[in-house]
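First listed ligand is number 1; within each ligand, the first listed atom is number 1.
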Amino acid sequence: MSLLKEKLRTIFPQQKAEIAQMLKEHGDKVVDKVTLAQAYGGLRGVKGLVCDTSEVPPDKGLIIRGYELKTITDKLPEEILFLLLTGQLPNAEELKDLQNELKGRSEVPAYVWSVIDAMPADSHPMTMFNTAVLIMQRESVFAKRYDEGMKKDEYWDATYEDAMNIIATLPAIAAYVYRKRFNKGPRIEQDKNADWSGNYVHMLGLPNENDEFAKLMRLYLNLHSDHEGGNVSAYSSATISSALSDLYYSLSGGLNGLAGPLHGLANQECLGWVLETMEKFNGAPTEEQLFKFAQDTLESGKVVPGYGHAVLRITDPRFDAFLAFGKAHMANDPVFQTVERVFNTVPKVLSQVQKIKDPWPNVDAGSGALLYHFGLKEFSYYTVLFSVSRALGICAQSIVSRAMGYPITRPKSLPTAGYKKIVTATVNV
Ligand code: HAX
């Protein structure tokens with residue numbers, strides 16, 4: 001058994017007992033109330049979900065198991081996965097063991113390549129990627145063991161098997177989607193000596209002078225791993241998973257949510273917006289020009305992609321990390337310089353609009369420019385990169401939820417007439 005699974009076997013029963021005790025003592029305590037505006041407003045800010053892998057305080061940004069993001073940006077994605085699951089960073093032996101575990105599971109079933117090959121050539125890369133995840137559902141250990149009558153306390157173990165099998169294969173699948181969709185030549189075989197993200201870089205086949213692109217990808221796959229439980233991809237995935245659908249179903253479902261322009265697709269949209277400004281002004285625009293361009297975007301009824309957030313009320317620390325990388329590695333790149341100028345300008349424009357609660361950049365505001373610099377210029381692929389990383393968090397959340405034995409998700413909905421009755425009754429009291 002892997003060291004990670006062994007550790008989880010000790011940790012999970014303790015956590016489950018702690019939760020059971022808390023529920024026994026405090027189960028009827030009120031933790032939040034819901035206003036009518038929240039019911040009609042996407043349940044923004046309503047506390048009612050549980051996610052132990054990470055949290056996002058509005059004034060701090062992502063914290064993974066107590067570690068503020070800025071303190072762990074140098075970690076490998078595998079270390080982040082270990083942290084998400086156990087609450088601890090792995091020691092050298094545990095890391096090696098996890099890396100070996102992933103390598104051992106990294107063979108992609110041959111039919112996946114045929115399915116990708118059979119898709120229309122102009123399919124969106126996210127459709128290709130998510131279809132590949134879903135088509136592998138026949139491999140699910142959870143589904144098989146469930147059919148055989150597995151006991152409830154073994155659910156997490158079977159989900160762990162699915163999670164590791166999926167995570168191990170994602171780099172090869174994602175790299176093939178890139179090469180196939182953008183006519184980059186034949187599939188590149190895995191480099192079994194490389195780490196998880198290094199292998200991905202190898203299979204993408206893009207130039208990697210001085211290992212710089214590999215450094216960016218390591219950071220990219222670290223930064224996008226998890227963002228608590230209420231974002232569209234994590235929440236939809238958790239809802240699907242709560243019906244005891246296996247991870248192939250739930251992960252691909254969650255990633256379909258990530259493919260929306262208000263969520264993960266914003267990174268594709270954002271670089272498009274930046275390049276549009278450069279085309280309009282024949283090069284890196286001035287801050288005055290950007291100010292006007294952002295105002296025009298708002299006036300045309302569109303959002304400025306990469307800015308604003310449902311939870312955050314500060315500059316996203318993930319954007320800070322990308323900005324620092326850009327300053328260190330490509331300070332003179334005109335696209336990166338435009339991203340910096342947009343950062344100096346757009347928050348001023350958005351702050352003037354009263355309804356916008358967060359005028360600051362989110363994770364998607366800068367990443368595209370960095371990828372573009374290294375020759376990854378096909379924007380529609382960017383959300384696939386995000387997905388490979390976000391799979392770490394979604395899989396970890398799913399394993400933890402199964403281990404804690406959480407029930408099927410089923411909040412209550414009311415028709416508008418029902419809410420009308422409640423609020424009228426309140427007014428009359
Ligand atoms: N540009 C223009 N208008 C914006 C805006 C932006 N960047 N951010 C918010 N608004 C608008 C909203 O569209 C909303 O308008 P309506 O009431 O007319 O619908 C209003 O301001 C209030 O929104 P909010 O309460 O501040 O923000 P929400 O929680 O409703 O939405 C979003 C959060 C991220 C969806 C929003 O800020 C947005 O659309 N941003 C641009 C798209 C983007 O960058 N998405 C990626 C977010 C990070 C992420 O999930 N990455 O995967």
Fill in: Ionic contact status for K7 with E94, cut-off 4.0 Å
yes
Fill in: salt_bridge(K302, E269) N-O dist < 4.0 Å
no
The criterion is side-chain hydrogen bond (donor to acceptor under 3.5 Å, both in side chains); which residues satisfy it with [X], sequence neighbours excluded?
X    : answer
N199 : Q190
E228 : none
S237 : none

Distance dump, ligand 1 polar atoms to protein, N/O, under 3.5 Å:
unit_1, atom_1, unit_2, atom_2, d
ligand 1, 1 (N), V304, N, 2.9
ligand 1, 7 (N), V304, O, 2.9
ligand 1, 7 (N), Y307, O, 2.7
ligand 1, 15 (O), K355, NZ, 3.4
ligand 1, 18 (O), K355, NZ, 2.8
ligand 1, 25 (O), K357, NZ, 2.7
ligand 1, 26 (O), K357, N, 2.9
ligand 1, 29 (O), R44, NE, 2.8
ligand 1, 29 (O), R44, NH2, 3.2
ligand 1, 30 (O), R44, NH2, 3.1
ligand 1, 40 (N), Y307, O, 2.9
ligand 1, 44 (O), G306, N, 2.7
ligand 1, 44 (O), N362, ND2, 2.9
ligand 1, 45 (N), L262, O, 2.9
ligand 1, 50 (O), H263, ND1, 2.8
ligand 1, 51 (N), D364, OD2, 2.9
ligand 1, 52 (O), H263, O, 3.3
ligand 1, 52 (O), H263, ND1, 3.1
ligand 1, 52 (O), G264, N, 3.2
ligand 1, 52 (O), D364, OD2, 3.4

Discussion item. Within the supplied structure, the quantity of interest is the number of heavy atoms (other residues, nucleotides, ligands) at a distance under 6.0 Å from Y249 OH; does it exceed 12?
Written reply: no
